[in-house]
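Below is one structure, written out as structure tokens; comments come after it.
Labels below follow one simple rule: chain letters A, B, ... track the order of the sequence lines, proteins then strands, and each chain is numbered from 1.
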There are 2 protein chains.
Amino acid sequence: MVKHMKMEKKSIETQENILNAARIIFAKKGLSGARMQEIADHAGINKALLHYYYRNKEKLFEQVFEEAFKKLIRPLGAFLTDDSELFQKIRNICKLYNEVLTKYPFIPNFVINEMNIDPSRILNLLDIGGVKEGKIKTAIQINEAIKTGMIRPIDPRELILNIISLSVFPFASRPISEQFLYKDEDMDEVLKSRADGVAEFIIQSIKI
Amino acid sequence: MVKHMKMEKKSIETQENILNAARIIFAKKGLSGARMQEIADHAGINKALLHYYYRNKEKLFEQVFEEAFKKLIRPLGAFLTDDSELFQKIRNICKLYNEVLTKYPFIPNFVINEMNIDPSRILNLLDIGGVKEGKIKTAIQINEAIKTGMIRPIDPRELILNIISLSVFPFASRPISEQFLYKDEDMDEVLKSRADGVAEFIIQSIKI
DNA sequence: ATCTAATTTAACCAAGTGGTTAAAAAAACC
DNA sequence: GGTTTTTTTAACCACTTGGTTAAATTAGAT
């Protein structure tokens, strides 16, 4: 990306291999637990080449983290800026989070944990996907729905946090939930088929 | 604990200091991110003494993890084995989790993350607090409540997972929720006052 | 005061870590 | 086939890390 004029085929493929390996290893072991050697092995290359493409561990991690963080926040932004009617919006975000997290199940745990270790990591990434304005907009919409008697009174932020909790936590807590709740079952299938139930659970809880 | 016949006052205090330091550092940085030197510093002692009381990092970590894991699972066990009527049970667990996690807010993230890195860590800790039998008992109770028309049809495990999600996720995801939902507010206060609302949210969603 | 346990000091070690380097080899490109 | 880029090899480095050791010091208990 930086020091080569011609971007050859093999080179791009290698960089993609590195990123894929980094995604897997970092998500599994975190920044401090991941080893550059392991990432190189997983990418099918050697350490020298890994450092040839990515200056250092921190830079590689930043790229992987930023990408994961966006994947986690964008559905929230999509929900908050969604113009649909409230109940439909709720169905939409449940479905969207379910799709995204089925595809990238390690993201919630990974992002939350690294943010916990170093909250400053997020500083360059505020206001992604229009969350800021969307939040205000959706809060107004919820308060309207309360006024018109469509839903019972509830703090908009509480409702939003409940929606996210129900959508995201089962993925983040998978190893625990699997052990204590869904032992011997296909947790992938369980999680995938949750989306509709979650949306109805939320709607039931607020509608009058 | 091991090599001394007399357990003097100072000794016990030091061991407690070590454990407290270990709880904080491990919860913040995880097993791989924590440094024995940092734990020693935080405990106000030196590395030699740290190793004098705790043979190695792994042993110290195991003790801290097991303790945290139990703190996280016991409320679930208490809920599942609770003899109260269903709605009261739900109010009880919401309140209990809120109290426990207000006191130990780092536990969810810590336990979930370390389980994600090494799921085998839990193997000696299965069936804590009567979760196993309690699960069956509560499932029966929920199915009864459905039959008698007290609540709408729902998979018992889905309901349980929803309860846990709503109770635990806001604590686990605090750095993110704070940033995007409750900016500039006292998140401690917000979390503390959530318990009642959460219980009603759940009850509203299932009652007929 | 004396004996024992708790703690410090300070040096040390082996293994692992992120990262570098230079030269050789392999592959892609024209 | 010659040039350029990609990749490997392999050695190397400085630093960190978990862990150890032995002797000296401090504090507690009786």
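- Around atom NZ of B/Lys28, no more than 12 heavy atoms belonging to other residues, nucleotides or ligands sit under 6.0 Å away.
- Following rounding to the nearest Å, B/Leu50 (CG) and D/dG18 (P) show an atom-to-atom distance of 10 Å.
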Donor-acceptor pairs are to be reported for all side-chain atoms of residues 100-110 of chain A against protein atoms at under 3.5 Å, with residues two or more places apart or in another chain.
from, atom 1, to, atom 2, distance (Å)
A/Thr102, OG1, A/Asn98, O, 2.5

- prompt: Where do A/Phe65 and A/Phe26 land on the ring pair (Phe, Tyr, Trp, His ring centres under 6.0 Å) test, with the steps shown first?
  reply: CA-CA 9 Å; A/Phe65 176 82; A/Phe26 279 137; over 10 Å; no
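- We find that CD of B/Glu16 is positioned 16 Å from P of C/dA6, with the value rounded to whole Å.
- Of the residues in residues 113-120 of chain B, none has a non-hydrogen atom less than 4.0 angstrom from any atom of DNA chain C.
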message: So if I define the base as every atom that isn't primed, P, OP1 or OP2, how would nucleotides 10-23 of chain C read as a B/S/- string at a heavy-atom cutoff under 4.0 Å?
response: B------SBBBB--
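- One atom, CG of A/Leu49, and another, C1' of C/dA27, lie 13 Å apart when rounded to the nearest Å.
- Between B/Asn46 and C/dT8 there is a side-chain polar atom (N or O) within less than 4.0 angstrom of OP1 or OP2.
- Rounded to a whole Å, the CD1 atom of B/Ile45 is 14 Å from the C1' atom of C/dT9.
- Evaluation of the side-chain hydrogen bond (donor to acceptor under 3.5 Å, both in side chains) test over residues 125-135 of chain A, restricted to residues two or more places apart or in two chains, returns none.
- Applying the 6.0 Å contact sphere to NZ of B/Lys29 captures no more than 12 heavy atoms from other residues, nucleotides or ligands.
- Using modelled atom types, one finds a donor on one side chain and an acceptor on the other under 3.5 Å when comparing B/Arg194 with A/Asn162.
- Taking atom NZ on B/Lys29 and atom C1' on D/dT17, their separation rounds to 14 Å, with Å as the unit.
- Using a 4.0 Å cut-off between charged side-chain N and carboxylate O, B/Lys137 and B/Glu144 make no salt bridge.
- A search for side chain to side chain donor-acceptor pair (under 3.5 Å) contacts involving B/Asn143 returns nothing, not counting sequence neighbours.
- Phosphate proximity of C/dA5 to B/Ser11: absent, as no side-chain N or O sits under 4.0 Å from OP1 or OP2.
- By the 4.0 Å N-to-carboxylate-O rule, A/Asp82 lies too far from A/Arg91 to be salt-bridged with it.
- Taking side-chain N and O atoms only, A/Thr14 has a distance below 4.0 Å to OP1 or OP2 of D/dT7.
- Regarding contacts with the backbone of C/dA6, a side-chain N or O of B/Tyr52 is found under 4.0 angstrom from either OP1 or OP2.
- End-to-end axis angle of the helix from C/dA1-D/dT30 to C/dC30-D/dG1, from C1' rotation axes over five pairs per end: 30° (rounded to 10 degrees).
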